[in-house]
Number of protein chains: 4
Amino acid sequence: MAKTSSSNPRKAAPRGTSGSAPAKSTRAKRSAERRHDILAAALEEFSGHGFEAARLEDVARRAGVAKGTIYLYFADKETLFQELIRWQLTPVVGAFEHATQADVPLRVIADQMIEMFVREIYGTRRKDVIRLIISEGPRFPKLAEFYYHEVLSRMIEAFRSILRRAVARGELKSDVFVKFPQLLVSPGLVAILWNGLFDRFEPLDPRALMRAHFDIILNDGRAA
Amino acid sequence: MAKTSSSNPRKAAPRGTSGSAPAKSTRAKRSAERRHDILAAALEEFSGHGFEAARLEDVARRAGVAKGTIYLYFADKETLFQELIRWQLTPVVGAFEHATQADVPLRVIADQMIEMFVREIYGTRRKDVIRLIISEGPRFPKLAEFYYHEVLSRMIEAFRSILRRAVARGELKSDVFVKFPQLLVSPGLVAILWNGLFDRFEPLDPRALMRAHFDIILNDGRAA
Amino acid sequence: MAKTSSSNPRKAAPRGTSGSAPAKSTRAKRSAERRHDILAAALEEFSGHGFEAARLEDVARRAGVAKGTIYLYFADKETLFQELIRWQLTPVVGAFEHATQADVPLRVIADQMIEMFVREIYGTRRKDVIRLIISEGPRFPKLAEFYYHEVLSRMIEAFRSILRRAVARGELKSDVFVKFPQLLVSPGLVAILWNGLFDRFEPLDPRALMRAHFDIILNDGRAA
Amino acid sequence: MAKTSSSNPRKAAPRGTSGSAPAKSTRAKRSAERRHDILAAALEEFSGHGFEAARLEDVARRAGVAKGTIYLYFADKETLFQELIRWQLTPVVGAFEHATQADVPLRVIADQMIEMFVREIYGTRRKDVIRLIISEGPRFPKLAEFYYHEVLSRMIEAFRSILRRAVARGELKSDVFVKFPQLLVSPGLVAILWNGLFDRFEPLDPRALMRAHFDIILNDGRAA
DNA sequence: GATGAATGAGGGTTCATTCAT
DNA sequence: TATGAATGAACCCTCATTCAT
């Protein structure tokens with residue numbers, strides 16, 4: 001009953017060019033790469049098949065490691081899954097919070113948000129991560145909890161601060177969005193879900209959808 | 001070596017209002033009841049665990065039948081799942097189409113839609129059926145196809161006819177909704193998903209959310 | 001509760017001219033027909049799939065009866081199987097014994113045997129019955145026992161009496177066949193087995209095979 | 001919804017003489033042993049119960065492995081069955097072909113054949129393998145095909161070359177056996193089938209049977 | 001650390017048999 | 001008698017997890 005021999009290697013994969021980190025022991029670097037490879041492989045497999053149907057053997061093969069190796073880095077399938085979500089979403093939250101601090105007109109922010117969403121979420125595997133949270137969240141209370149506390153509530157707070165500034169500035173006549181910030185992001189959600197389910201029947205342009213939505217709610221006459 | 005998988009009766013489901021036929025033979029009635037019991041049990045189990053993780057043994061136990069009995073009514077697990085979706089959603093589409101034919105002001109229709117949604121979807125197991133389609137749809141092309149053709153496209157068409165009338169009447173200045181009817185229903189979707197994932201952290205009143213949304217897009221000054 | 005209005009029409013006329021049986025109560029006649037139908041259906045299914053893989057549901061459907069009806073006539077699947085063998089083989093033994101009593105030259109008898117074999121065994125479902133005994137016999141001791149006592153030993157005895165007469169008459173110089181009558185029938189067996197296994201690769205004419213065999217062992221110069 | 005059934009090593013079977021390689025890694029050796037154990041266990045179970053009725057759990061228990069282990073070596077039950085046949089029969093074909101190349105009198109060859117048959121087939125489990133092919137072949141076209149191409153046609157060819165030499169030498173007056181080599185082996189077949197079905201009622205000495213047969217067809221006066 | 005062979009519980013599906021109608 | 005819906009034991013196969021090397 002080997003305890004996890006721990007000294008769990010650092011997160012954060014070396015992204016892009018391989019070893020830019022200057023002074024990491026080869027051991028530690030290899031370890032971090034392994035962990036990254038496994039997470040990346042898991043992303044593909046969980047995205048493609050869902051949690052239950054994804055097979056750790058396929059994750060291992062895709063990562064180029066043996067099945068047992070996965071258990072050196074992650075306690076079990078469920079932990080791997082949760083770490084995968086964390087690994088993908090944590091970076092964007094920071095970027096998002098940072099991007100919303102600039103004091104620019106609401107419409108400009110909206111355009112930035114749209115581009116950011118399309119570039120960082122819709123155009124990447126993160127789209128599938130969102131879908132995974134929606135699909136598997138109800139069966140993984142801890143996952144939903146992590147997502148709510150570490151991602152969603154921070155993003156909502158960022159939104160609210162933007163919105164409050166916009167109301168103060170008179171750009172928004174109403175404060176409904178402060179109360180229901182979900183209304184701001186719902187088109188993004190719809191775009192993601194539609195894409196996975198119905199794009200083959202009727203494609204949906206996420207940018208156009210979100211622009212139309214902001215035109216309406218910002219109510220500036222462009223769409224009226 | 002494979003055998004032709006045996007025949008399955010698949011008697012007509014008790015769509016909508018129950019049996020109006022006054023004199024059903026006991027056999028046929030029992031059969032319809034069994035089918036109904038199995039579908040109801042499957043709804044609970046699939047909702048609670050998802051398609052893969054739901055166990056037919058639990059469905060059987062919950063329905064009060066033996067495991068093998070399920071196979072008298074449904075060819076396999078997947079068929080049971082699809083029939084379940086069909087059984088739950090087909091009736092509401094008709095009701096919805098009928099409800100949207102009245103020639104009344106858009107705001108009245110909107111209020112009716114909200115009430116209908118809360119009563120027929122959000123307040124029932126149908127909410128879970130929607131969630132199931134979102135979760136499992138990507139892995140069940142036929143399911144997504146059925147849902148798109150038999151449910152979604154019909155509902156979208158109904159929406160569009162309402163919206164076109166509203167534009168013609170001058171109630172709507174823009175025709176974006178005719179182009180993106182998804183924007184109309186996105187709050188309902190958000191409400192369902194939020195409910196399953198985050199209600200325990202921060203409850204969300206679906207009626208309030210949807211009303212806020214319609215206030216904004218109908219733009220009549222109440223919320224502006 | 002409409003009962004099936006029944007009056008189930010009789011199946012398949014009882015071979016050759018229709019009703020030659022003079023005075024059977026309708027009940028008894030119907031019952032015998034049912035039994036016959038089930039046996040005939042079982043012959044097809046067991047021949048085609050073997051004992052284990054044959055499904056009683058298919059037997060019932062083919063016989064035009066309900067699954068439960070089979071159990072009114074036969075105790076279980078195994079009994080049905082054994083009765084089937086008995087039903088098919090009992091008649092031929094008598095015919096065979098009768099045919100071998102004529103006091104004619106051995107070669108004439110041989111030719112008659114060949115024709116009888118081709119007509120009554122190889123050209124009919126009885127060929128499959130033989131195969132079934134070979135395939136399933138080791139797992140059904142009672143079946144092998146029945147076959148040995150009721151069929152084989154009687155046929156062997158008949159053969160031996162022919163052979164003894166032939167030896168006495170000087171038609172056969174040796175009495176090996178009296179000791180090993182199996183050598184007489186082995187080509188028939190080979191023909192049956194070859195037919196089921198390899199005919200598609202290399203057809204085998206049973207009549208030619210058997211004639212060649214008798215030419216050799218009767219050693220009369222035709223083939224020498 | 002189907003997954004690609006995973007890979008199967010299928011290391012080379014220990015054909016004929018065991019491992020001549022002196023230094024096998026323990027891993028590889030254990031693997032070959034396991035495969036052999038499973039095949040041997042499968043031989044017992046399939047022989048005793050037939051393909052359908054044999055249970056893989058019993059094979060596993062007999063081989064001393066877990067149920068799942070079988071699937072590390074064989075894709076499924078059917079593959080295990082076919083590999084079993086191949087494993088048993090391939091070696092004898094080569095041995096047989098080799099044995100028939102000596103240019104010795106026909107009667108000598110015949111005696112050698114008889115001894116070889118009794119020693120290598122009748123006295124071993126290969127007898128049961130032959131029975132399995134006969135029993136299951138009609139339901140496993142691929143099995144019959146393998147057997148015909150890899151075993152039977154090669155043996156027939158070997159027989160024919162012997163026979164042609166014998167005809168040329170004047171040892172055989174007729175060439176019927178060149179046309180129907182089945183007639184040469186039919187007593188061996190009869191011996192095998194008789195053994196499985198009727199030996200308990202009336203034992204049959206395979207050697208005596210085959211000698212009697214060859215005496216007759218070689219027609220040299222010993223038996224006349 | 002890394003491997004991958006081995007494990008064995010678990011679940012979908014089949015089908016002989018029963019029994020209420 | 002006849003039916004066929006219902007039963008539930010049985011069995012093949014999968015795959016997360018372990019552990020000797």
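Naming: A, B, ... by sequence-line order, numbering from 1 per chain.
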Rounded to whole angstrom units, what separation is found between the CD atom of B:Glu57 and the P atom of F:dA9? 10 Å
C:Tyr73 side chain N/O closer than 4.0 Å to the phosphate oxygens (OP1, OP2) of F:dA2? yes
5'-most contact on DNA chain E: D:Thr69 or C:Asp76, nearest heavy atom basis? D:Thr69
Without decimals, in angstroms, what is the distance between C:His49 NE2 and E:dA16 C1'? 16 Å
Who does E:dT14 pair with, Watson-Crick or G-U, both distances under 3.5 Å? F:dA9
Round to a whole Å and report the spacing from CG of C:Leu72 to C1' of F:dT1. 7 Å
Does D:Val65 offer a backbone N or O that forms a donor-acceptor pair with the side chain of D:Thr69 under 3.5 Å? no
Quick one: closest heavy-atom pair of B:Val59 and B:Ile38, and the distance? CG1-O, 3.9 Å
Could you check whether D:Phe140 and D:Phe81 have their ring centres less than 6.0 Å apart? yes
To the nearest angstrom, how far is D:Glu52 atom CD from F:dC11 atom P? 12 Å
Go nucleotide by nucleotide along DNA chain E from the 5' end; which of D:Gly68 and C:Leu56 gets its closest nucleotide reached first? D:Gly68
Side chain of B:Tyr71 only, please: which of E:dT7, E:dG12, E:dA16 is the nearest? E:dG12
If each of C:Ser31 and B:Gly64 is mapped to the nucleotide of DNA chain F with the nearest heavy atom, which maps nearer the 5' terminus, i.e. the 5' end? C:Ser31
Is there a Watson-Crick or G-U wobble partner for F:dC19 with both distances under 3.5 Å, and if so, which one is it? E:dG4
Under a 4.5 Å cut-off applied to non-hydrogen side-chain atoms, are C:Leu56 and C:Leu80 in contact? yes
Whole-Å distance between E:dA2 P and A:Asp37 CG? 11 Å
If we only count heavy atoms from C-beta on, is the C:Glu45 to C:Arg55 side-chain gap below 4.5 Å? no
F:dC19 P sits how many Å from D:Arg30 CZ, rounded? 16 Å
If you draw the axis of the six-membered ring of D:Phe146, does the NZ or CZ of D:Arg86 fall within 45° of it and under 6.0 Å from the ring centre? yes
Interatomic distance where CD1 belongs to A:Ile70 and P belongs to F:dT18 [whole Å]: 13 Å
Among F:dT17, E:dA16, F:dC11, the one nearest D:Arg55 by side-chain distance: F:dC11
Looking at every strand, decide which applies to B:Ala60 at a 4.0 Å heavy-atom threshold: base, sugar-phosphate, or nothing. nothing
Do the side-chain N or O atoms of D:Lys77 get closer than 4.0 angstrom to the phosphate oxygens (OP1, OP2) of F:dC12? yes
Rounded to the Å, how far apart are A:Phe74 CZ and F:dT18 P? 16 Å
Does B:Arg34 place a side-chain N or O at less than 4.0 Å from the phosphate oxygens OP1/OP2 of F:dA6? yes
Does A:Lys67 get its side chain close enough to the base of F:dT17, under 3.5 Å, for a donor-acceptor pair? yes
Along DNA chain F (nearest heavy atom to each residue), the more 5'-positioned of C:Ala66 and D:Ala53: C:Ala66
